[in-house]
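Report on the following structure.
All chains are named by letter (A, B, ...) in the order of the sequence lines, taking the proteins before the strands, and each is independently numbered beginning at 1. Worth knowing before you read on, the calculation uses all heavy atoms, side chains too, and leaves out hydrogens, waters and symmetry mates.
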Amino acid sequence: MASSRRQYPFHLIEPKWQQAWEQQQAFRAFNPGESVPAEHPFAQRHGANAMTAGGKAPTKYYILDMFPYPSGAGLHVGHPEGYTATDILARYRRAGGFNVLHPMGWDSFGLPAEQYAVKTGQHPRVTTEANIANFTRQIKSLGFSYDWSRELATTDVEYFKWTQWIFLKLYNSWFNPETNKAEPIETLKYPEELQQSAADLQSAEVSSAINAPGSGDAACRLQVGSTLESARRAFVDSKRLAYVSEAPVNWCPELGTVLANEEVIDGKSEVGGFPVIRKPMRQWMLRITAYAEKLLADLDTIDWSDSLKEMQRNWIGRSEGAEVDFEVVGSSRCDDRTAQRAVPTSKIRVFTTRPDTLFGATYMVLAPEHRLVDEIVTEEQGEAVENYRAHTARKSDLERTELAKEKSGMFTGAYAINPVNGEKIPIWIADYVLASYGTGAIMAVPAHDTRDFAFAQKFNLPVIQVVQPNDAKTEWQVFTDDGTAVNSGFLNGLPTAVAKAKISAWLEEKGLGKKTINYKLRDWLFSRQRYWGEPFPIVWKKGPGGQPPYHEALPESALPLLPPTLEDYKPTAGGEPPLARAKDWLNLPDGSVRETNTMPQWAGSCWYYLRYTDAKNAQSFVGKAADSYWMASNGKAAGVDLYVGGTEHAVLHLLYARFWHKVLFDLGYVSTPEPFYKLVNQGLILGSDGQKMSKSRGNVVNPDDVLVEYGADAFRLYEMFMGPLQDTKPWNTQGVEGVYRFLGRVWRLFVDEKAETAFEQAEATTQEPGNQALLDLILLDGAITDADATPAQLKALHACIKKVTEDLDGMRFNTAISAMMVFVNEAMTWQAKPMSGMKTFLQLLAPFAPHIAEELWARLHSTFGQTAPSLAYAEWPKFDAALLVESEIELPVQVNGKFRETIKIAVDADNATIEAAAKASEKVQMFITGKAIKKVIIVPKRMVNLIVG
RNA sequence: GCCGGUGUGGCGAAAUGGCAGACGCACAGGACUUAAAAUCCUGGGACCUUAAAAAGUCGUGUGAGUUCGAGUCUCACCACCGGCACCA
């Protein structure tokens, strides 16, 4: 397989041009206000003052790759697929006259470096930096046109300082439902009872004022005897976009940390596949649910693939329905605590998407964790219910999922009244009802819900039909679609949609319920029990008079908050996060202690695209001018113009980043509501066996090896030639050989054969392997002259310009490359090669294979005594449609819709001429002689179809 | 189960409703060479017929439909890939 002879000296050309680009900082992007050095190619194209106050700044084009986690394994061939696509487009846009921002950086917090630290005691920063160095080397060897002056890593102190700063903004903001946006916490008004004096304070009233989701714990803290101050604090804390929750979380014992819902797959950790259990813990949460509606609605304003938008929609999970109150009857086990309540909790609120089936509700189910369970359970059922609750509490998510086939539950002994018909229905608890969705309680309509039906079957509960399928043949049992209401009193005969509207209005009128929208989206669990992450800029103060401690944010001036240096990176023996080991860091002089959790890896990636626009700003996370220039709305486009990365981030990174961006937008720190206008997912590259690449399968391809053998240009070209960017496709090393041969043909199209031989001989005998001077032995082919191109040559060239340009606009890299192959195949046959046309071809090739294009471009100019302008900034060629017009075309002729022959005919021939020519064709004659021609269909310039009978 | 996507030669793929398989890989034959490599040229969906060809028939997962004409549009189904999954 190894080629014994290089197709062309890429091993000299590629390092040469990579150095040249670096030396002149060719791909440095200039910010508004910057003056450009006169010798920089950007200045030569756009003027040195283009970016200064009076200058005419070119339109920006922000093209971004998802930055990688710098793992110890180094780059695999999947990374450069996206990077090559974006690089080609970045170079294409630069040639098109745009000011292109194309940066690269590192998502460098993360678990592997920490696990290595736990094992070896090596500081994660050391590992991380070594890995970044390796990634940098690999990425640079591919000749990408990144602006390295903007390089950043999420682990940089100067970067995570601002990550912490954004956290403070979240902490110090609340979502105002009236203005429908986030606002500084200062605009939050206390409810009336908290404006009064402490003496008037009734804890029950305060509880009722606090109804934000996830605020149950805050309410718990409001015991009788709270001071006004702590009550107010609890109220404010319950509204913050970053808040503390004591709810059950996904705890992964193996990883020693909690995980976000999104990081748990089938009850196992996404990383490592370890079991995850539910465990109540104190955690930091971000109130992403406040943005559910905006995150959903704004999907319509951005250009992402349908499948990706759909994934986000499903994850947000909006559903419209109604909340209905059911009165509880029967005995209530009143202990001292509940007896004191001013208003007995005699109502159970449920959420349903099918209020039209209310007449069919034959029982109710509460989640086992529902807070009313204790109050309604009867004496006789007390123990059984308690046992059931204990049993489900022990279950992990995995067990809950695995046991889902078999429903379980327990009768509480209590009954509720169905508000529409006064029927008494039993109240059960069951773990198929989730505490965290809706109200944590449902009305069960077993006739028209598969889960309720299964439950009713198991526990012998009645099933009443209330919807009649419109198709009479359909069985009504477990019919969950729309139909017509039956056995439903005043709803009878109404189609489902109408019945829903009518019952909703009726409920609202009677004060029994109201229309409601629910979301599957949960708040984002934002803390991790790890070392290698951003520490929270939070301290815990001692509560006055023996009250529980409360949290307080550090001032911005205290940022960055650095993590302490540790000897041992393991969690403490008591299960505290590793930061708790650093006693002098942990404990502050005034007796307060620092938060020991750290932020998840997603934090840093939520805003890195903003930092790139102003990477060195020491005053602000991003400057106003930089933000509004690079993230500006260009007509409809807003934010990053093109973002390319893998689908694995469809709901994690891409949802979190949109959320942060919207908060920053609401608070006035950024100028656009969405971060990424167009998003494209590159497909997976499989091993040559068609399997996912993995070490265990031994099918991993290392780019370094490919580069040694074929060079960066061939590697880039192959990655793009394999197929459409979005598709999953297998790697085939012989395919690399194919594009490598193509580059060899390009080389031989330009280079004199004898000079090539002389070069090879000299290289074989030289002592210096990388001797650049040898390249001077290369002379161009004498057939390249400054003579005019022939019409045929111009046609071939302009067809190529047209195809490559259109395909680049549509991101069809594979067909663009094939168009260049067609051109080269034809040009190889030319006796005389016109210099101007050859130059133009190099411009087309340059985005794909920049090194060989630069080398030949430079040689072409110097051979003809010209100074070569920068290829990277040379104006993209335009095609001349007039040159592509044919005087005569081949027209396919069909008889009865079957292709029979092509005829040559003038383009502008009229229909009569075409018909005559078609009939005259010898082959066509065979099929039409002796038959009557019934009809002739002529599509100009397309085809002729003769219908005979 | 629900949602989204994909099915075209030996392989990667290409085709505004109009000549299916461009371009490339692998393969076969030839030229060059003492020979090989590299390079250059030629061939190539299947079937049928033939000494060879020409001609012909079939052919884009399966089955229907729309149309003068369908890989492309519509409906039903099958397979594979990705996502979600007790969300009321």
Side-chain angles (χ1 to χ4, degrees), chain A residues 2-7 265-266 305-315 317-319 321 350-354 357 365 400-401 403-405 407 430-434 436-445 448-452 454-455 480 518-522 647-648 650-651 681 683-684 688 690 717-718 721-724 726-739 741-742 744-745 748 753 812 814-822 825 828 890-902 923 926 934-939 941-948:
Chain A
S3 49
S4 57
R5 173 180 179 266
R6 278 190 199 93
Q7 289 274 350
I265 315 275
D266 289 337
S305 73
D306 287 341
S307 66
L308 196 72
K309 285 186 181 184
E310 207 50 35
M311 275 192 235
Q312 292 224 337
R313 284 194 194 104
N314 289 341
W315 193 265
R318 181 186 202 269
S319 65
V350 303
F351 173 73
T352 176
T353 55
R354 294 295 299 271
T357 62
V365 187
R400 278 201 176 192
T401 319
L403 300 175
K405 292 160 215 145
K407 294 272 183 290
D431 67 357
Y432 83 91
V433 172
L434 307 176
S436 50
Y437 182 75
T439 60
I442 62 158
M443 62 175 209
V445 184
H448 307 292
D449 182 283
T450 44
R451 298 149 302 180
D452 296 346
F455 191 82
T480 57
N518 259 310
Y519 301 92
K520 281 202 281 188
L521 185 68
R522 307 295 153 82
T647 343
E648 64 271 22
V651 285
N681 289 122
L684 208 60
S688 48
L717 216 50
Y718 177 63
F721 189 62
M722 290 168 84
Q726 292 90 336
D727 288 8
T728 298
K729 48 219 173 260
W731 181 269
N732 174 6
T733 300
Q734 283 167 335
V736 188
E737 199 112 23
V739 292
R741 280 204 282 261
F742 163 68
R745 279 204 301 283
R748 290 191 295 276
E753 230 183 291
R812 293 180 296 267
N814 54 334
T815 49
I817 293 167
S818 119
M820 289 189 284
M821 287 173 167
V822 170
N825 287 347
M828 289 295 273
E890 292 201 331
L891 204 64
V893 182
Q894 298 175 354
V895 179
N896 284 349
K898 253 195 181 71
F899 166 75
R900 294 300 175 186
E901 176 72 303
T902 59
K923 195 110 150 262
M926 289 168 57
K934 288 196 203 155
K935 198 174 172 187
V936 178
I937 296 158
I938 295 173
V939 182
K941 297 182 193 173
R942 280 274 163 217
M943 49 67 66
V944 187
N945 192 1
L946 304 175
I947 310 301
V948 298

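Residue A/Arg748 has a polar side-chain atom (N or O) positioned under 4.0 Å from OP1 or OP2 of B/rC40. A close approach under 4.0 Å does occur between a side-chain nitrogen or oxygen of A/Asn814 and OP1 or OP2 of B/rA14. Taking 4.0 angstrom as the limit, A/Arg745 places none of its side-chain polar atoms (N or O) nearer than this to OP1 or OP2 of B/rA38. Close to B/rA14, at under 4.0 Å from its OP1 or OP2, lies no side-chain N or O of A/Arg812.
Nucleotides B/rC47 and B/rA54 have their P atoms positioned 15 Å apart, rounded to a whole Å. With both ends at atom C1', the span from B/rU72 to B/rU16 equals 11 Å, rounded to whole Å. When the C1' atom is compared between B/rG63 and B/rA70, the two are found 15 Å apart, to the nearest whole Å. Spacing of C1' atoms, B/rA26 relative to B/rA13, comes out at 14 Å, to the nearest Å. Nucleotides B/rG59 and B/rC27, compared at atom P, are 32 Å apart to the nearest Å. Across the C1' atoms, B/rU50 and B/rU57 are found 16 Å apart, a figure rounded to whole Å. Taking atom P in both B/rC19 and B/rA37, the straight-line distance is 40 Å, to the nearest Å. For the C1' atom pair drawn from B/rG12 and B/rG65, the interatomic distance equals 33 Å after rounding to whole Å.
A 4.5 Å side-chain heavy-atom check between A/Thr357 and A/Met443 finds at least one atom pair inside the cut-off. Contact of the A/Phe742 side chain with the A/Met820 side chain is registered, since non-hydrogen atoms from C-beta on lie closer than 4.5 Å. For the pair A/Ile442 and A/Asp452, the minimum side-chain heavy-atom distance is below 4.5 Å. Inter-residue side-chain proximity for A/Arg741 and A/Gln7 is flagged as met; some heavy-atom pair is nearer than 4.5 Å. Taking 4.5 Å as the limit, some side-chain heavy atom of A/Asn896 sits within range of a side-chain heavy atom of A/Ile947.
Nucleic acid contact class of A/Val939 (heavy atoms, under 4.0 Å, all strands): base. Nucleic acid contact class of A/Glu901 (heavy atoms, under 4.0 Å, all strands): none. Within the 4.0 angstrom heavy-atom criterion, base atoms lie near A/Ser818. Among the protein residues, A/Glu310 comes within range of the sugar-phosphate backbone only, with heavy atoms under 4.0 Å from sugar or phosphate atoms but none that close to a base. Backbone-only contact: A/Lys898 has heavy atoms under 4.0 Å from sugar-phosphate atoms and none from a base. Counting non-hydrogen atoms under 4.0 angstrom, A/Ile947 reaches the backbone sugars and phosphates but no base. Residue A/Thr902 is classed as a base contact, given a heavy-atom separation below 4.0 Å to a base. Heavy atoms of A/Thr647 sit nowhere under 4.0 angstrom from any nucleic acid atom. Backbone-only contact: A/Gly738 has heavy atoms under 4.0 Å from sugar-phosphate atoms and none from a base. Contact annotation for A/Asn825: backbone-only contact, meaning every heavy-atom pair under 4.0 Å involves sugar-phosphate atoms and none involves a base. Among the atoms of the strands shown, base atoms are found under 4.0 Å from some heavy atom of A/Lys520. In this structure, A/Arg318 reaches neither bases nor backbone, as no heavy-atom distance under 4.0 Å exists between it and the strands shown. Residue A/Asn945 is classed as a base contact, given a heavy-atom separation below 4.0 Å to a base.
Here NZ of A/Lys935 is found 12.5 Å from CG of A/Leu946. Values are rounded to the nearest 0.5 Å. Taken to the nearest 0.5 Å, the CZ atom of A/Arg745 stands 7.0 Å off from the CE atom of A/Met821. Going from atom CG of A/Leu308 over to atom CZ of A/Arg313 covers 10.0 Å, rounded to the nearest 0.5 Å.
When the nearest nucleotides of RNA chain B are assigned to A/Val651 and A/Val944 by heavy-atom distance, the more 5′-ward of the two goes with A/Val944. Comparing A/Pro724 and A/Asn518 by the nucleotide of RNA chain B that holds the closest heavy atom to each, the one mapping nearer the 5' end is A/Pro724.
The nucleotide whose nearest atom lies closest to any side-chain atom of A/Arg942 is, among B/rA88, B/rC23, B/rG18, B/rG18. Of the candidates B/rA88, B/rG24, B/rG4, the closest approach to any side-chain atom of A/Tyr437 belongs to B/rA88. Checked against B/rG18, B/rA88, B/rC68, the side chain of A/Gln894 finds its nearest nucleotide in B/rG18. Closest contact between the side chain of A/Gln734 and the listed nucleotides B/rA26, B/rG56, B/rA88 involves B/rA26. Nearest nucleotide to the side chain of A/Met311, out of B/rC68, B/rG83, B/rG4: B/rG83. Taking every side-chain heavy atom of A/Thr815 into account, B/rA15 is the closest of B/rA15, B/rA85, B/rC40. Considering only the side chain of A/Gln7, B/rA38 comes nearest among B/rC68, B/rA38, B/rA13. Side-chain atoms of A/Arg900 lie closest to B/rU57 of the nucleotides B/rU57, B/rC40, B/rA88. For A/Arg741, the side-chain atoms get nearest to B/rA26 when compared with the rest of B/rC19, B/rG12, B/rA26.
In B/rG9 the base sits syn relative to the sugar, since the glycosidic angle is no further than 90° from 0.
On a pure distance criterion of 3.5 Å, a polar donor-acceptor pair joins the side chain of A/Lys407 and the base of B/rC86.
B/rC23 atom C1' lies 10 Å from atom CD1 of A/Ile817, rounded to whole Å. Protein atom CD of A/Gln726 is 15 Å distant from nucleotide atom C1' of B/rG4, rounded to whole Å. When rounded to the nearest whole Å, the span between CG of A/Asp452 and C1' of B/rA88 equals 7 Å. Between A/Tyr718 atom OH and B/rC23 atom P there is a gap of 18 Å when expressed in whole angstrom units. Summarising the geometry, the separation between CZ on A/Phe899 and P on B/rA15 is reported as 20 Å, rounded to the nearest angstrom. Put simply, CE on A/Met722 is 12 Å from C1' on B/rC25, counting in whole angstrom units. The NZ-P distance, from A/Lys729 to B/rC23, rounds to 22 Å in whole Å. A/Asp306 has its CG atom 7 Å from the P atom of B/rG5, to the nearest Å.
Counting only Watson-Crick and G-U wobble pairs whose two distances sit under 3.5 Å, RNA chain B takes part in these stems of three or more pairs: B:1-7 with B:78-84, B:10-12 with B:23-25, B:27-31 with B:39-43, B:45-47 with B:56-58, B:61-65 with B:73-77.
Remark: the A/Tyr718 side chain and the A/Asn732 side chain contain no N/O donor-acceptor pair separated by less than 3.5 Å.
Cation-pi geometry between A/Lys407 and A/Phe455 is not satisfied (NZ or CZ under 6.0 Å from the ring centre, within 45° of the ring normal).
Shown here are the side chain to side chain donor-acceptor pair (under 3.5 Å) partners of A/Ser818, two or more places apart in sequence or in another chain: there are none.
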Stepwise side-chain contact (heavy atoms from CB on, under 4.5 Å) test for A/Met311 and A/Thr647: CA-CA 10 Å; A/Met311 275 192 235; A/Thr647 343; 3.9 Å; yes
